[in-house]
Chemist: 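This structure is in structure tokens; I'll ask about it shortly.
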Amino acid sequence: MHDMGTIPIMEIAVSLPDREHFATASMISGLIGILMSERWPRQLNDPTWQHARASCLRSLQGELQPTRARQAFVSAARAAHLKVLPDDEQRFRSRAESSRRKVVVRRRELVAGLVDG
């Protein structure tokens with residue numbers, strides 16, 4: 001059992017609006033600190049920010065898995081147009097790999113069609 005403030009998560013880094021610095025967190029309490037920071041570009045009544053904050057608080061209380069709170073945080077960061085590492089890098093790689101696979105499959109289909117035809 002973890003102390004309520006020290007629930008670990010996979011480390012995350014978020015580029016804040018000044019684009020010069022990344023805020024990092026490796027615990028749920030760190031995610032809350034970033035969400036509550038004056039540098040977070042939240043708007044009044046932003047539902048993704050509110051959901052992320054509530055998810056982190058529920059995780060601290062043991063009501064929600066830390067991975068779910070982290071996912072809510074990532075969603076809020078993306079909604080605020082912030083870069084999230086390593087998540088955005090993995091997402092980009094997955095899309096690139098998927099595109100390459102589609103090209104390879106299409107080439108195989110074309111070659112098979114030419115050979116059969």
Side-chain angles (χ1 to χ4, degrees):
M1 186 85 167
H2 296 281
D3 176 11
M4 287 185 59
T6 62
I7 298 172
I9 56 167
M10 184 175 87
E11 189 170 48
I12 193 167
V14 180
S15 68
L16 293 170
D18 63 14
R19 304 282 185 219
E20 293 179 19
H21 300 96
F22 278 82
T24 61
S26 58
M27 294 180 287
I28 294 294
S29 58
L31 295 181
I32 293 172
I34 295 170
L35 287 167
M36 301 302 292
S37 166
E38 291 178 6
R39 293 172 48 200
W40 184 275
R42 67 178 168 267
Q43 299 173 351
L44 293 177
N45 301 321
D46 176 1
T48 57
W49 179 84
Q50 291 176 351
H51 176 69
R53 185 185 63 163
S55 296
C56 289
L57 291 172
R58 287 182 56 214
S59 182
L60 283 177
Q61 295 170 351
E63 298 173 5
L64 186 70
Q65 290 293 322
T67 54
R68 300 286 301 272
R70 188 183 183 284
Q71 289 170 344
F73 178 90
V74 169
S75 294
R78 287 183 178 149
H81 307 289
L82 302 176
K83 185 174 184 175
V84 182
L85 299 176
D87 299 66
D88 287 344
E89 288 178 336
Q90 292 169 348
R91 196 166 142 189
F92 178 75
R93 273 195 297 260
S94 293
R95 283 186 185 160
E97 288 171 8
S98 176
S99 294
R100 280 192 292 261
R101 277 189 235 117
K102 287 177 186 174
V103 169
V104 169
V105 168
R106 182 70 182 134
R107 284 185 186 152
R108 287 181 186 155
E109 290 170 352
L110 290 172
V111 169
L114 292 174
V115 171
D116 291 339

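Basis for what follows: all heavy atoms, side chains included, without hydrogens, waters or symmetry-related copies.
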Chemist: Say you draw a straight line from CD1 of Ile7 to OG of Ser59; how long is it, rounded to the nearest 0.5 Å?
Modeler: 4.5 Å

Chemist: Measure the CZ-CE distance between Arg70 and Met27 for me, rounded to the nearest 0.5 Å.
Modeler: 14.0 Å

Chemist: Please tell me if the side chains of Asp88 and Arg78 come closer than 4.5 Å, counting only heavy atoms from C-beta onward.
Modeler: yes

Chemist: Distance from Arg39 atom CZ to Ser15 atom OG, nearest 0.5 Å?
Modeler: 10.0 Å

Chemist: Within this structure, what is the OG-CG distance for the pair Ser55 and Leu60, rounded to the nearest 0.5 Å?
Modeler: 11.0 Å

Chemist: Report the residue from Leu85, Val84, Thr24 that forms a side-chain contact (heavy atoms from CB on, under 4.5 Å) with Ile12.
Modeler: Val84

Chemist: Would you compute the distance between atom OG of Ser29 and atom CD1 of Ile34 and round it to the nearest 0.5 angstrom?
Modeler: 10.0 Å

Chemist: Within a 6.0 Å radius of atom CD on Gln65, are there more than 12 heavy atoms belonging to other residues, nucleotides or ligands?
Modeler: no

Chemist: Looking at every heavy atom in both Ile32 and Cys56, which two are closest together, and how far apart are they?
Modeler: CG1-CB, 3.4 Å

Chemist: What I'd like to find out is whether the side chain of Phe73 reaches to under 4.5 Å of the side chain of Ile9, using heavy atoms alone.
Modeler: no

Chemist: Might you point out which heavy atoms bring Met10 and Pro86 nearest each other, and give the distance in Å?
Modeler: CE-CG, 3.9 Å

Chemist: Using a 3.5 Å distance criterion without hydrogens, assess whether the side chain of Ser75 forms a donor-acceptor pair with backbone atoms of Gln71.
Modeler: yes

Chemist: If every non-hydrogen atom of Leu16 is compared with every non-hydrogen atom of Trp40, which pair is closest and at what distance?
Modeler: CD2-CE3, 4.4 Å

Chemist: Is Trp49 reachable from Leu57 through a run of hydrophobic residues whose side-chain heavy atoms are each under 4.5 Å from the next?
Modeler: yes

Chemist: Any chance CZ of Arg68 has more than 12 other-residue heavy atoms, nucleotides or ligands included, within less than 6.0 Å?
Modeler: no

Chemist: Kindly give the heavy-atom pair with the smallest separation between Ala52 and Ala76, and that separation in Å.
Modeler: CB-CB, 3.7 Å

